[in-house]
Amino acid sequence: MPANPDRGRLSLGQRLVTMRTRALAGGFGLEISGIDLAAGGPALHAAIVELFNFHGVLVIRDQRLTPEAQLAFTRAFGEPETNQRLEYTIPGLPEVYVLSNRMEDGRKIGDVDAGQGWHTDASYLERPAMCTMLLALEVPDEGSDTLLADLCAAWNALPDDRKAVLDGMQVRHSWRSLMALKGIALDPDDDSIPDVLHPMVRRHPADGREALWISTGTTAGIEGMDTGEALALLEELAAYVTQERFVFRHKWRVGDLLIWDNRCTLHTGTRFDVARYQRLVHRTWVRGERPV
Ligand code: SIN
């Protein structure tokens, strides 16, 4: 890393950039201002990735990024994922997904309901999304806050005897269950995204910190446990990790770039008055590693 960005002045070659940082929710999140990601190059981007590895959430203020520039910045974190619903992506950029209630030429330009309900992105994949980035281009005056839960704090707050019971459990994540929940009927022979087992306690590759890595919507059971019992346990744990004491609420401003680490957080979108306000957000995802 080029310098300690928490000190506020980051040396990038010959230039000094003044980056201001402020801890959010006890250090779980970090607010960053004073930088321009579009003008900054690989050294600035690498410094942000380094901060990201040690904070579950980054809020970078006052960014103006074209979809191409957002994608270029996303690549600093790894390989961007493409989206399955191409109708809500930027033409020619299947990696940039539009969250919006806007209509253009009589057609919806984005997904208005994405992300409602606590979850970690794409946990139904063998290699779930590692990081998610949302850039706010238009925000409602009220509503649409994004909530993030700190799964490491939740794990750390458990008593040791509870930890001993949960550690080692394998949770079944299921695309099919998620689709059923959304009322989308899949062809019974479609096995394109098979169920996958992931550890309930996930270790972060940057520093080994542990997260109580459960989700909702995709979680369909626990290996070796009766399904009813497993679902009850998963429900209890989801209520536990999303208590207010573990949650950071992001209230949006135009130009905010919100980045979260899916390896140690859950998140949910919240609703807003779609008849009164418009929201336009560009989302990118980065492919992750197999959880351990
Ligand atoms: C998401 O979960 O992808 C979106 C969350 C939000 O719109 O706040």
Side-chain angles (χ1 to χ4, degrees), residues 24-25 28-29 31 52 56-61 63 65 67 70-71 74 77 80-90 93-102 108-125 128-151 173 175 178-179 181-182 184 213-219 238 241-242 247-274 276-288:
L24 302 168
F28 167 50
E31 181 190 67
F52 164 80
V57 187
L58 300 181
V59 178
I60 310 181
R61 301 286 191 189
Q63 297 308 302
L65 296 169
Q70 182 175 344
L71 191 53
T74 304
F77 291 74
E81 289 273 11
T82 53
N83 288 276
Q84 303 193 333
R85 303 188 70 177
L86 287 179
E87 72 271 26
Y88 293 148
T89 57
I90 300 283
L93 295 178
E95 304 91 344
V96 184
Y97 194 70
V98 179
L99 306 176
S100 188
N101 58 326
R102 266 181 171 281
K108 286 158 72 176
I109 63 160
D111 190 343
V112 71
D113 264 339
Q116 301 290 326
W118 286 103
H119 64 288
T120 173
D121 286 327
S123 65
Y124 46 77
L125 296 179
M130 181 265 269
C131 128
T132 301
M133 254 178 234
L134 303 187
L135 176 68
L137 302 164
E138 190 172 13
V139 298
D141 289 347
E142 54 193 346
S144 92
D145 300 349
T146 302
L147 274 50
L148 292 123
D150 181 349
L151 300 182
H173 293 254
W175 162 257
L178 181 64
M179 291 302 103
L181 204 69
K182 288 178 183 254
I184 299 172
W213 202 68
I214 47 108
S215 194
T216 73
T218 56
T219 43
V241 301
T242 56
V247 169
F248 164 65
R249 173 180 286 268
H250 181 60
K251 290 194 165 292
W252 287 97
R253 297 195 326 220
V254 169
D256 283 350
L257 182 69
L258 177 70
I259 310 175
W260 63 77
D261 189 334
N262 285 297
R263 299 169 294 189
C264 56
T265 62
L266 287 190
H267 64 277
T268 180
T270 60
R271 301 205 182 271
F272 63 98
D273 185 343
V274 290
R276 197 156 165 213
Y277 301 117
Q278 293 202 322
R279 183 181 197 233
L280 178 60
V281 168
H282 287 169
R283 184 182 79 188
T284 47
W285 276 358
V286 177
R287 190 154 195 234

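Indexing begins at 1, ligand by ligand and atom by atom, following the structure's order. Keep in mind that the numbers below use all heavy atoms, side chains included, and drop hydrogens, waters and symmetry copies. What you see is a predicted model; the values in this text were computed from it and never measured.
Near H119, meaning under 4.0 Å from any of its heavy atoms, are these atoms of ligand 1: 2 (O). For ligand 1 and L99, the ligand atoms under 4.0 Å from any heavy atom of the residue are 4 (C), 7 (O).
Any N or O atom pair closer than 3.5 Å counts here, and T146 shares at least one such pair with ligand 1. For S144, no nitrogen or oxygen atom sits less than 3.5 Å from a nitrogen or oxygen atom of ligand 1, counting backbone and side chain alike.
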Inset, instruction - Report the C-alpha separation of R276 and E142 in whole Å, then their side-chain angles, then the decisive distance to 0.1 Å, and conclude whether the salt bridge (Lys or Arg N to Asp or Glu O under 4.0 Å) test is met. - result: CA-CA 10 Å; R276 197 156 165 213; E142 54 193 346; 3.3 Å; yes
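Ring geometry for F52 versus F77: interplanar angle over 60°, hence perpendicular rather than tilted (30 to 60°). By the 30° and 60° cut-offs, the orientation of the rings of W260 relative to H267 is tilted. Below 30°, between 30° and 60°, or above 60°: for H250 and W252 the angle between ring planes is above 60°, a perpendicular geometry.
Residue contacts with ligand 1: H250 is excluded, as none of its non-hydrogen atoms falls under 4.0 Å.
Residue nearest to atom 6 (C) of ligand 1, selected from M133, R279, R271, H267: R279 (by heavy-atom distance).
The shortest contact between atom 1 (C) of ligand 1 and any protein heavy atom is with G115 CA, 3.8 Å. Scanning all protein heavy atoms for the shortest distance to atom 3 (O) of ligand 1 gives R283 NH1, 2.9 Å.
S100 and R102 make their closest contact through OG-N, 3.0 Å (heavy atoms, listed as atom of the first residue, atom of the second, distance).
Checking side-chain atoms of T270 against main-chain N and O of D145 turns up a donor-acceptor pair under 3.5 Å.
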